[in-house]
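One structure is given here, and the rest of the page talks about it.
Residue numbers count from 1 along this sequence. The basis for the numbers below is simple: all heavy atoms, side chains too, and nothing from hydrogens, waters or symmetry mates. None of the values given here were measured: they were computed from a predicted structure.
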Amino acid sequence: AANGIHWKESSQRVSIEDASFQNCEFGIIAQACGDIHVGGSKRTQLSGCRNGLLLEGCTAAVDDCDIHGADGKFGIRVVDEADLPQTPTVQLNNCSISGYDTGLSIEHAHVSTQKLLCEKSTTAGLRLVRQGHLEMKDSTVSASVLRGIDILDVNANAVNCKILKNDYVR
């Protein structure tokens, strides 16, 4: 399967609004981009994609997005190799992720989430590694087969969140 959208090395504002991606290898890939926005007046849909959204070295806001996989690797993966910033460079607001090995993977990046629903992951709902930083508010991680949140060498803050019904068998 092909990729939905692949942006690389752009300092220009990139806006993906009211879009639908189906049965892609990657729904959206953004690498070394300065200003990515995914959202719009309707919910953006990534359905049946093996991997949902990959953000490498980007500043991004993802709003009102539903990412539902086909037993793929990850729903959203945020990775950065630059110096870890003090404030979030990626913001996820009112998004849902389900049906992946890992719902949200954060590697050496600073991410904030609000009203994130991450469910039915195989290995982990959230995977936080290599000095990742997560600020999570009003969010739910549920029904993961092995672990709700997998944490290794990170800084995480969860406020008013629910981590429930993990170690779930389909």
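Nearest heavy atom pair, residue S144 against residue A124, reads OG-C, 4.0 Å. Scanning both residues, I106 and A109, for their nearest heavy atoms gives CG2-O, 3.5 Å. Here the closest heavy-atom approach between residue C33 and residue E9 is recorded as SG-N, 4.1 Å. Scanning both residues, C58 and A30, for their nearest heavy atoms gives SG-O, 3.2 Å. Annotation for C118 and G125: closest pair SG-O, 3.1 Å, computed over non-hydrogen atoms. Of all non-hydrogen atoms in T44 and G39, the two that sit nearest each other are OG1-O, 3.3 Å.
Atom CD of residue Q114 and atom CG of residue D138 lie 5.5 Å apart, to the nearest 0.5 angstrom. Here the straight-line distance linking atom CZ of F21 with atom CD1 of I67 works out to 10.5 Å at 0.5 Å rounding. Once rounded to the nearest 0.5 Å, the distance linking OG1 of T140 with CD1 of I163 reads 7.5 Å. Taking CD1 of I36 as the reference point, atom CD1 of I16 lies at 6.0 Å (rounded to 0.5 Å). Distance check, rounded to the nearest 0.5 Å: CD1 of I29 to CG of N51 gives 8.0 Å. Between the CD1 atom of I97 and the OG atom of S121 there is a distance of 7.5 Å, given to the nearest 0.5 Å.
Put simply, the side chain of C95 reaches to within 4.5 Å of the side chain of V62, judged on heavy atoms. In this structure, the side chains of V79 and R130 come closer than 4.5 Å at one or more pairs of heavy atoms. Side-chain contact between R147 and R127: absent, with no pair of heavy atoms (C-beta onward) separated by less than 4.5 Å. At a threshold of 4.5 Å between non-hydrogen side-chain atoms, the residues Y100 and C49 count as touching.
In terms of hydrophobic clustering, with Ile, Leu, Val, Met, Phe, Trp and Tyr side chains grouped at heavy-atom distances under 4.5 Å, V129 and I151 are assigned to different clusters. When the side chains of ILVMFWY residues are joined at heavy-atom separations under 4.5 Å, either directly or via intervening members, W7 and L55 end up in a single hydrophobic cluster. Hydrophobic clustering, with ILVMFWY side chains joined whenever heavy atoms are under 4.5 angstrom apart, groups L46 together with V14. Connection of V38 to L117 is not established within any shared hydrophobic cluster, with ILVMFWY side chains joined at heavy-atom distances below 4.5 Å, either directly or through further cluster members.
With sequence neighbours excluded, no residue forms a side chain to side chain donor-acceptor pair (under 3.5 Å) with T59. Checked against side chain to side chain donor-acceptor pair (under 3.5 Å), S20 has no partners two or more places apart in sequence or in another chain.
The side-chain contact (heavy atoms from CB on, under 4.5 Å) test with F74 is passed by exactly one of T123, D101, L54, L53: L54. Under the side-chain contact (heavy atoms from CB on, under 4.5 Å) rule, L104 has a single partner from V141, L128, L92, I149, which is L92. For the side-chain contact (heavy atoms from CB on, under 4.5 Å) with K137, the lone residue among T113, N160, V159 that qualifies is V159.
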Using side chain to side chain contact (heavy atoms under 4.5 Å, CB included), reason through L164 and S142 one step at a time and then give a plain yes or no. CA-CA 5 Å; L164 52 108; S142 68; 4.0 Å; yes
When you look at S15 and E17, which way does the side-chain hydrogen bond (donor to acceptor under 3.5 Å, both in side chains) test go after all the steps? CA-CA 6 Å; S15 185; E17 297 183 9; 3.0 Å; yes
Between T122 and T102, does a side chain to side chain contact (heavy atoms under 4.5 Å, CB included) hold up when you go through it step by step? CA-CA 7 Å; T122 305; T102 300; over 6 Å; no
List the steps, then state whether side-chain hydrogen bond (donor to acceptor under 3.5 Å, both in side chains) holds for S98 with H68. CA-CA 5 Å; S98 67; H68 302 290; 2.6 Å; yes
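Under the 4.0 Å criterion applied to side-chain N and carboxylate O atoms, E119 and K165 are not assigned as salt-bridge partners. A salt bridge links R43 with D66: the distance from a Lys NZ or Arg NE/NH1/NH2 to an Asp or Glu carboxylate oxygen falls below 4.0 Å.
Counting only N and O atoms by type, the side chains of S47 and Q45 include no donor and acceptor under 3.5 Å apart.
Within the structure, side-chain hydrogen bond (donor to acceptor under 3.5 Å, both in side chains) contacts touching residues 31-42 (residues at least two apart or in different chains) are H6-Q31, R13-D35, D18-S41, Q31-E56, H37-D63.
Side-chain atoms of H108 come within 3.5 Å of backbone N or O of D80 as a donor-acceptor pair.
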